[in-house]
Structures are given as C-alpha cells and as structure tokens.
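Sequence lines set the chain letters: A, B, ... in the order given, protein chains first and strands last, and positions in each chain run from 1.
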Amino acid sequence: MPELPEVEVVRAGLAPAVTDAVIESATVIDGRALTRHPPGASDFEARLLGRTLGGPARRGKFLWIPLAPGAPGAVPAEALVAHLGMSGQMLLRPSGAPPERHERVRLDIRHPEHGDLAVVFADQRTFGSLAIDPLQDTADARAGGYGTDDALVPAQVAHIARDPLDPGFDLRAFRRTLEHKASAIKRVLLDQTVVSGIGNIYADESLWAARIHPDTRASDLSTRAVYRLIAEVRAVLEKAVAEGGTSFDAQYVNVNGQAGYFAHSLNAYGRTGQPCARCGAPIVKVSFTNRSSHFCPHCQRPPRLTA
DNA sequence: AGCTGCACCTGGCGGC
DNA sequence: TGCCGCCAGGTGCAGC
C-alpha cells in the first residue's frame with residue numbers, strides 16, 4: 001500500500017486497535033523485514049516485549065507507533081517505524097489466526113477494550129520494513145506528522161519532507177525549492193525530501209489535473225502553476241483517502257484485507273490508450289527513470305525547448 | 001552539490 | 001502447456 005492515501009488508510013485502521021495495547025509477543029518470521037533495524041531480529045523482539053503502544057502517526061509514506069516509556073506521562077523516547085515499500089501490508093487478525101501469505105513479522109497484542117489481536121506485517125517483495133527508532137525533536141517544533149500532537153519524529157524519518165496534507169507543510173518554501181530545481185517536475189514530485197507522500201500513481205494524477213506535462217523543468221513553472229499543482233495534489237490525495245486508496249490487485253488492502261476504490265477515479269495512471277476525460281485524446285504512456293508516466297498529450301503540453 | 005541510474009525482491013501476465 | 005522477459009504502488013545510494 002505504498003503512497004500517502006494507502007498508508008493513511010492503514011494508519012487510521014490501526015489506530016483504534018493498537019492505541020493503549022500491550023505487546024504480549026513479537027515474532028520475526030523473515031529477517032529481511034528488518035533492513036531498517038540493523039541490530040536484528042532478536043533485539044527487535046526483545047525490545048518490543050511488554051511495551052505499550054501509542055497512537056499511530058504518519059509522515060508521507062512512513063508510519064510510526066510511539067512506544068510508551070516506563071514512567072507514566074513521560075515523553076516517548078522511541079517508536080516502532082514501518083515503511084510498506086511496494087507491497088507491504090499491516091493486517092489486523094484475531095489472536096492465533098493462521099499465517100498470512102508472505103507474513104514477515106507478527107505482534108500479538110492485548111488491548112484493554114478489544115482484547116487479544118494479532119498485528120501482521122506481510123510483504124511480498126520485501127522492500128518494506130519495520131524498525132525501532134529513537135524519536136527526536138522536529139526541526140520546526142511543529143507536530144511530527146499526521147495523527148500526533150508531539151513535535152517528535154523517528155530519526156530515520158527526519159530527512160523526509162512534510163507531505164501536502166500536513167498543516168506544517170510550507171507552500172512558499174516548496175515553491176522556492178522548485179525555483180532551483182533543473183529536474184523534471186515529475187521527478188521532483190517523487191523526491192520525498194522535497195515533498196513526501198506522492199508516488200507514481202498520484203504524481204501522474206496530480207499532473208493530469210493541473211494540466212502540467214511531467215517533463216516540464218520544475219524551475220520553469222510559474223508561481224501560479226506551482227500553487228495550482230499543489231492544490232490538485234491535495235485534492236487527489238484527499239479524494240483517494242476518502243475512497244480507501246487505490247487497489248489494483250490483492251496486494252493493496254486495508255488492515256482488514258479490503259480493497260480501496262480509487263482505481264475507478266483514475267484519469268491518467270494505467271489508462272494508456274483510453275480517452276482523456278477532458279478532451280478525448282488517448283492517454284499516452286512513456287518510459288521514465290525505470291518506470292512510466294501517463295499523461296494526456298493534448299491537455300498536458302510538452303515543455304517548450306529552452307536554450 | 002546536484003542529479004541520474006540502478007540495485008534491491010517476488011510474482012503475475014502476455015507472447016512465443 | 002511451458003518458459004522467458006517484462007512489468008509493478010518505493011527508497012537509498014553509487015557514481016558521474
């Protein structure tokens with residue numbers, strides 16, 4: 001469930017089940033799920049045992065669950081961090097449920113109201129991973145991400161920019177950054193250190209909505225165009241969250257294993273050869289940095305060649 | 001310093 | 001039917 005809407009659906013789904021729950025046991029089935037946790041599986045399991053979970057937070061595509069400190073009322077010092085990569089899933093299952101396909105890590109938790117549950121991290125392609133990471137102060141003293149009021153962020157998430165749905169997202173700073181970027185706007189949208197949460201689907205959808213060609217040099221965009229683009233990014237992401245994210249197959253599901261509906265709302269991504277919803281011209285697909293871009297060749301005019 | 005390309009994986013699908 | 005190449009929601013980093 002890779003991009004912001006899918007991760008947000010997972011965060012919201014986990015929240016009622018894990019907040020205030022205690023970890024009864026942690027089991028690493030496949031150590032490849034811990035590439036972001038260098039100390040390894042036994043350290044991971046031991047440090048989670050008996051810990052109480054806080055409310056899950058998210059910045060861009062990174063998710064974290066604060067681990068309550070021993071002393072009541074003290075600020076959490078570390079968090080369980082998750083990145084779903086290309087195919088990761090966080091699933092809530094009844095205690096003792098049979099193993100999921102591609103199950104990598106299982107946490108057995110006890111919730112004061114909901115009782116015993118299993119939190120399963122499953123991941124076909126193993127690009128996703130979990131880690132226990134120290135929490136550090138945010139550089140701007142604002143809340144670390146969506147779902148938390150604490151001005152804290154896991155160390156390995158600190159380099160990730162705020163996402164466009166974050167109240168702390170600085171639109172003017174984003175515009176100033178673009179002024180100095182020679183790269184194509186599509187690539188800049190995918191750079192998580194500039195703006196986070198956007199992946200290949202929502203980059204194509206946002207550029208289509210803003211009528212901007214993906215190859216346009218970022219620094220060539222007018223201020224007006226940058227603001228229009230961010231407005232469309234926000235609209236696309238919010239609609240996708242409301243529709244439960246984009247599911248093309250069984251890989252992308254919420255914590256209950258259910259698909260999202262945003263695939264029905266796509267205007268560019270995956271619509272190669274189908275008519276543009278605005279003008280009827282066939283959507284084209286072009287190769288782009290080992291992946292692909294989908295756009296309308298009529299509504300999204302190629303950038304003018306500059307000397 | 002900034003930018004680009006590629007490596008890291010598994011599995012499904014279409015073509016031959 | 002079977003095999004092979006291609007493609008897929010992401011990130012990090014080597015090397016220019």
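You'll find the side chain of A:Arg278 reaches within 4.5 Å of the side chain of A:Trp208, heavy atoms only.
With sequence neighbours excluded, no residue satisfies ring pair (Phe, Tyr, Trp, His ring centres under 6.0 Å) with A:His298.
In this structure, B:dC13 and C:dG5 make a Watson-Crick or G-U wobble pair, each of the two defining distances being under 3.5 angstrom.
The 5' end of DNA chain B is approached more closely, in terms of each residue's nearest nucleotide, by A:His180 than by the other of A:Asn290 and A:His180.
When the options A:Asp123, A:Val120, A:Asp30 are evaluated for a side chain to side chain contact (heavy atoms under 4.5 Å, CB included) with A:Glu103, the one that passes is A:Val120.
Ionic pairing of A:Glu8 and A:Arg58 is present here: one or more N-O contacts between side-chain nitrogen and carboxylate oxygen are shorter than 4.0 angstrom. The existence of a salt bridge linking A:Arg47 and A:Glu78 is confirmed by a sub-4.0 Å separation between a basic side-chain nitrogen and an acidic carboxylate oxygen.
Here chain A contacts DNA chain B (any atom closer than 4.0 Å to a heavy atom, that is under 4.0 Å), and the contacts span B:dC3 to B:dG12 from 5' to 3'.
Counting any heavy atom pair closer than 4.0 Å across all strands shown, A:Ser292 reaches sugar-phosphate atoms only and no base atom. The residue A:Tyr269 sits close only to the backbone: its heavy atoms come under 4.0 Å of sugar-phosphate atoms, none of a base. Contact annotation for A:Asp123: no contact, since no heavy-atom pair falls under 4.0 Å across all strands.
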Checklist entry - Can you give one letter per nucleotide of nucleotides 10-16 of chain C, going 5' to 3': B for a protein heavy atom under 4.0 Å from the base, S for sugar-phosphate only, - for none? => result BSS----
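Taking atom P on both B:dC6 and C:dC6, the two are 14 Å apart, rounded to the nearest angstrom. A gap of 22 Å separates the C1' atoms of B:dT10 and C:dC13, to the nearest Å.
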Next on the checklist: The test is side-chain hydrogen bond (donor to acceptor under 3.5 Å, both in side chains); show your working for A:Tyr202 and A:Glu6 and say whether it passes.
Outcome noted: CA-CA 11 Å; A:Tyr202 299 108; A:Glu6 293 75 30; 2.6 Å; yes
